[in-house]
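Contents: one structure, followed by commentary.
In this chain, residues are counted from 1 in sequence order.
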Amino acid sequence: MYQDYKNVEFVKPSGLDLKDQLVGVQRVAKVTKGGRTFGFSAIVVVGDQNGVVGQGLGKSQEVASAIAKGIENAKKNLVRIPLNNGTVPHEQKGKYSGARVLLMPASEGTGVIAGGPVRAVVELAGIKDLLSKSQGSSNPHNVVKATFDALLKMRSAETVARERGISLDKVFNG
């Protein structure tokens, strides 16, 4: 799922104190010759509020089992994102399907200024101060994936220095 990103660090769920948050539940219908069969799809975000976050989708005939499947799926997709004093290291845009998300660092004490699905993802990632803008599709599935796209494109100053082969001082002063 995250093979297009260079610096993705996958994390094992063992030993982490993970919290989960339900982003959305949709009722879905499958049309058969005997009529409609209804089921549920749930999108869930899990994170340790310290830079590790994952998202998952669960589908089932009952809401509770769809949520449980979503949590298990999210634990398989945990990734570490770079944080800089409780905010993101730099401004970044993310896109998935018709949804676009812009994440911007904010000064300490600003809080998380984000709506719905974006807020769920960034709070469970451990981001305390953030400015965001969500444009295009408001479908929660697409917005969550667009937020992950932006977060996975983030690079810490240490990563940039290592990739360029220069010291950390030159990243900021050079």
Side-chain angles (χ1 to χ4, degrees), residues 1-2 4-5 7-26 40-59 63-64 66-159:
M1 178 175 182
Y2 303 124
D4 296 339
Y5 304 97
N7 299 317
V8 176
E9 181 188 341
F10 290 97
V11 180
K12 299 259 188 263
S14 59
L16 292 175
D17 180 29
L18 294 175
K19 294 170 180 51
D20 55 75
Q21 187 167 349
L22 179 66
V23 175
V25 177
Q26 282 80 34
F40 296 92
S41 108
I43 187 157
V44 181
V45 178
V46 300
D48 72 344
Q49 297 180 326
N50 196 18
V52 175
V53 68
Q55 58 94 17
L57 178 65
K59 299 176 185 180
V63 175
I67 293 170
K69 286 180 180 182
I71 291 169
E72 289 306 311
N73 186 260
K75 287 179 182 176
K76 294 175 185 173
N77 295 318
L78 289 175
V79 291
R80 185 173 304 280
I81 58 158
L83 296 179
N84 186 12
N85 297 330
T87 189
V88 291
H90 54 86
E91 187 175 307
Q92 186 64 59
K93 292 179 182 177
K95 185 175 185 307
Y96 184 87
S97 189
R100 294 187 312 274
V101 171
L102 171 64
L103 303 179
M104 295 172 284
S107 58
E108 196 171 332
T110 304
V112 174
I113 300 175
V118 178
R119 176 179 286 272
V121 174
V122 299
E123 283 183 345
L124 286 173
I127 297 171
K128 308 267 187 290
D129 303 300
L130 178 89
L131 301 171
S132 74
K133 179 70 180 164
S134 179
Q135 296 177 317
S137 171
S138 60
N139 178 343
H141 293 270
N142 292 343
V143 174
V144 166
K145 289 177 181 174
T147 305
F148 267 86
D149 180 49
L151 289 173
L152 291 171
K153 288 178 184 175
M154 296 278 177
R155 299 188 311 166
S156 65
E158 293 82 15
T159 306

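Side-chain contact check for Phe148 versus Val79: some heavy-atom pair is nearer than 4.5 Å. Put simply, the side chain of Val23 does not reach to within 4.5 Å of the side chain of Val143, judged on heavy atoms. Ile127 has its side chain out of reach of Leu103: every pair of non-hydrogen atoms, C-beta onward, lies at least 4.5 Å apart.
Partners of Asp48 by side chain to side chain contact (heavy atoms under 4.5 Å, CB included), not counting sequence neighbours, listed by chain and number: Leu16, Leu18, Asn50, Val52. In this structure Thr159 satisfies the side chain to side chain donor-acceptor pair (under 3.5 Å) test together with Ser156, sequence neighbours excluded. Partners of Ala42 by side chain to side chain contact (heavy atoms under 4.5 Å, CB included), not counting sequence neighbours, listed by chain and number: Leu22, Val25, Ala66, Ile67.
The two residues Asn142 and Gly98 come nearest to each other via the heavy atoms ND2-N, 4.5 Å. Heavy-atom minimum distance, Val45 versus Ala120: CG1-O, 4.2 Å. Taking every heavy atom of both residues into account, Gly58 and Lys69 meet most closely at CA-CB, 3.9 Å. Shortest non-hydrogen contact noted between Ile43 and Gln55 is CD1-OE1, 4.1 Å. Residues Ala74 and Val46 share a closest heavy-atom pair of CB-CG2, 3.7 Å. The two atoms that bring Gly126 and Leu83 nearest to each other are O-CD1, 4.1 Å, heavy atoms only.
Residue pairs meeting the side-chain hydrogen bond (donor to acceptor under 3.5 Å, both in side chains) criterion with at least one member in residues 121-136, sequence neighbours excluded: Arg119-Glu123. Sorted by first and then second residue, the side-chain hydrogen bond (donor to acceptor under 3.5 Å, both in side chains) pairs with a member in residues 87-99 form an empty list; sequence neighbours excluded.
Checking side-chain atoms of Asn73 against main-chain N and O of Leu57 turns up a donor-acceptor pair under 3.5 Å.
The pair Lys153-Asp149 meets the salt-bridge criterion, with a side-chain N (NZ, NE, NH1 or NH2) lying under 4.0 Å from an Asp/Glu carboxylate O.
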Side-chain atoms of residues 108-118: list all donor-acceptor pairs with protein atoms under 3.5 Å, sequence neighbours left out, distances to 0.1 Å.
unit_1	atom_1	unit_2	atom_2	d
Thr110	OG1	Ser107	O	2.6
Thr110	OG1	Ser107	OG	3.3

Stepwise side chain to side chain contact (heavy atoms under 4.5 Å, CB included) check, Val11 with Arg80:
CA-CA 7 Å; Val11 180; Arg80 185 173 304 280; 4.0 Å; yes
Yes or no on side chain to side chain contact (heavy atoms under 4.5 Å, CB included) for Val44 and Gln21, after CA distance, side-chain angles and deciding distance?
CA-CA 6 Å; Val44 181; Gln21 187 167 349; over 6 Å; no
